[in-house]
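Taking it in order: structure first as structure tokens, then the write-up.
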2 protein chains.
Amino acid sequence: MHTVAARAGVSIASASRVLNGVGGSPETIRKVREAAAEVGYVPNAIARSLQSQRTGLVALAVEDIGNPVYVEMMRAIEAVVASSGRQLLVHATGGRIDNETALLRRLANRYVDGMIVSPIRVTDDHLTALTDSPVPVVVVGQLGADAPIDNVRTDSRHGVALAVDHLVATGRRRIGFVNGPLDTVPGAARDAGFRAALDRHGIPLDDELIEVGDFQYAAGRAATERLLARADPDALVCANDLIAVGALHALLVAGRRVPQDVALVGMDDTELARMMFPQLSSVSLGSAERGRRAAELLLQRIADAALPPRREQVPPNLVVRASSAATLPTPRPAAGSAGPPTTHPSSEGVTA
Amino acid sequence: MHTVAARAGVSIASASRVLNGVGGSPETIRKVREAAAEVGYVPNAIARSLQSQRTGLVALAVEDIGNPVYVEMMRAIEAVVASSGRQLLVHATGGRIDNETALLRRLANRYVDGMIVSPIRVTDDHLTALTDSPVPVVVVGQLGADAPIDNVRTDSRHGVALAVDHLVATGRRRIGFVNGPLDTVPGAARDAGFRAALDRHGIPLDDELIEVGDFQYAAGRAATERLLARADPDALVCANDLIAVGALHALLVAGRRVPQDVALVGMDDTELARMMFPQLSSVSLGSAERGRRAAELLLQRIADAALPPRREQVPPNLVVRASSAATLPTPRPAAGSAGPPTTHPSSEGVTA
DNA sequence: TTGTATGCGTTATCAT
DNA sequence: ATGATAACGCATACAA
């Protein structure tokens, strides 16, 4: 900028004005533009931000960007953020909790105008990092009851209940559960939800039918293999869709038919559920909706820091597809046709 | 900082030194630390960066973070970047080319220490934005021959050839191809590769066996449905794994057995290929390796801007799995058992 | 060790 | 409309 001004024979202030499109005589504008083009001037956004106190950037921190549920959340957030002229940056923390607080410490120190964080584990360290953040932060997920932080959550306990209710209603009784780690917030909530739901239906809890692994495909598959080795479920609830896909693979390899032998219900209702064959029933936790709301809360708070902390809740919603259909929708190819040809096994799901 | 210094009764310079851990008498250190804690001081990273000329941030811009191939690439990059004490930020451009250049213009203006970009469409506008970038940029993917930009690529033309060779070698002749948009760099390369490979084997090209859509699941499924409506392939090559998964779904819905009736080969060799049942053969384009190399090139250039532009190439590599196995590995369940039980249909792939 | 003063690249304020 | 100058918040060369 200094160089540009000198080359154009004007003051640095005039150069800045022209480059920002405010003021300047036609002659000055021409000279500055020319000089800028000649030296290939590009503005230093850092310096500009130091002055303007904003960067036009918003960050999203999630556990695992390989999980499609976060992709859907990200897309929803992106849409809102873009409408405010800002750009969205995503960071995958990989579940390393130190990484997450480190990111908060770095980004939140004004590299971005605001952050959306979706932690699956929440420590005190976390909470202080969140509350001490110099820029607005919105949390997607359960948070300590009285944390003064904008927060949008769902009720995954109830989500699991929807799945169990559906399976019981369609005649399943030996319902297994493949969960994520119990020391995570969603893992603990879903475990509680499963136990409560069985209890409500008067079905005795069988620990043999419960398995725990990571919230990932490989873990879901391995956990299901362990479960099948010692028990004989007629239905499986999975704590997310990645696990459900792993479970499906394990079931098919073991020669179980889905849904005839074992009904399968995932959670998050991601694109993955619709990609499988048969398509998977899944409990939607409104990820896109939660993302959208979180982004809106964030933009509001960026505009007005004095807002009181808000908390929003998005209800879960079961989507029934072929993997848990009550009527058997997947006749064996060898057995010939069955049912009207217009209803193929991968037809769209039905919201319950 | 001003406040902290005043409260501690020292100069702003001394406060800065203490807070950075350089110098300071025990007494000063104590006072400053105390004051900082009392006022809840958090450093302004933007101001610090203006001084230090670095942010400790590196960005990755890709088309679609929902594509697992980019997730794998991201993970590889993340590992390298983290080892340099920096943090990785990801941006999904959604294929909007204006978005991509806008991101370049914003982030590259020193919000980050460097960028890795993997564009699927390359325009002149792009190229100038890339070459004019004030911070180092590394491109993953094909680029104009003489662009003076660090670049790591693969040979997807050859990748398609590997798939075709394999299918021909296992007796397939009516080989279909489901590709992405031809106006993208990878789409065009794969189309050329497919035509050349058929030609090399003396198989006449049948346009009925070629379909084009987006590089996504839904498009792959729809394209395959169109293809099956007018032709009867005994094998299908897909331009990426998302398309291949869509194709698999379409095939199964249409009652085709995979691989008995139709052999299926995807591309990118993502986790998705291993998640399917049957597991999908896929041409690895070394995404993780390309990501790793790109990150290393970037770090080197950040350390030394005077380096000459470099170009690296990662060879493709076919991984054969159940979806295109020569011997029929998936006996119909109704037909009873076949083959040793230790070899189940989803066994690990074999590198060719 | 400590404080003073300057610079990092821009934008904004204020005279002119 | 233009130019000099003071911030923005921090780090550092230099002198004390």
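Since this is a predicted model, take the numbers as computed values, not measurements. Every heavy atom of this structure was used, including side-chain atoms; hydrogens, water molecules and symmetry mates were not. Every chain is numbered from 1, with letters handed out A, B, ... down the list of sequences.
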Next item on the list: Go through the steps to decide whether S52(A) and R54(A) satisfy the test side chain to side chain donor-acceptor pair (under 3.5 Å), and finish with yes or no.
Entry: CA-CA 5 Å; S52(A) 67; R54(A) 64 190 301 282; 5.9 Å; no
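An OP1 or OP2 oxygen of dT10(C) is reached within less than 4.0 angstrom by no side-chain nitrogen or oxygen of S49(A). OP1 or OP2 of dG3(C) sits under 4.0 Å from a side-chain N or O of S11(B). Of the side-chain N and O atoms in T28(A), one or more sit less than 4.0 angstrom from OP1 or OP2 of dT2(D).
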Item checked: Contact letters for nucleotides 9-16 of chain D, in which S counts primed atoms plus P, OP1 and OP2 and B counts the base, heavy atoms under 4.0 Å -> BSBBB---
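Separation of atoms CE (M74(B)) and CG (L88(B)) is listed at 7.0 Å; rounding is to 0.5 Å. Taking CD from E312(B) and CD from E296(B), the interatomic distance works out to 8.0 Å, rounded to the nearest 0.5 Å. Atom CG of residue L298(A) and atom CD1 of residue I116(A) lie 5.0 Å apart, to the nearest 0.5 angstrom.
A salt bridge between E34(A) and K31(A) is absent, with no side-chain N of the basic residue lying under 4.0 Å from a carboxylate O of the acidic one. With salt bridges taken as basic N to acidic carboxylate O contacts below 4.0 Å, one links R75(B) and D64(A).
Separating the CD1 atom of I29(A) from the C1' atom of dT2(D) is a distance of 13 Å, rounded to the nearest angstrom. Separating the NZ atom of K31(B) from the P atom of dT1(C) is a distance of 15 Å, rounded to the nearest angstrom.
Between its two ends, the helix from dT1(C)-dA16(D) to dT16(C)-dA1(D) turns its axis by 40°, counting five pairs per end and rounding to 10 degrees.
Here the rule is side chain to side chain contact (heavy atoms under 4.5 Å, CB included) with S118(A), and of V140(A), V152(A), V139(A) only V140(A) fits it.
Atom CG of D124(A) has 12 or fewer neighbouring heavy atoms from other residues, nucleotides or ligands inside a 6.0 Å radius.
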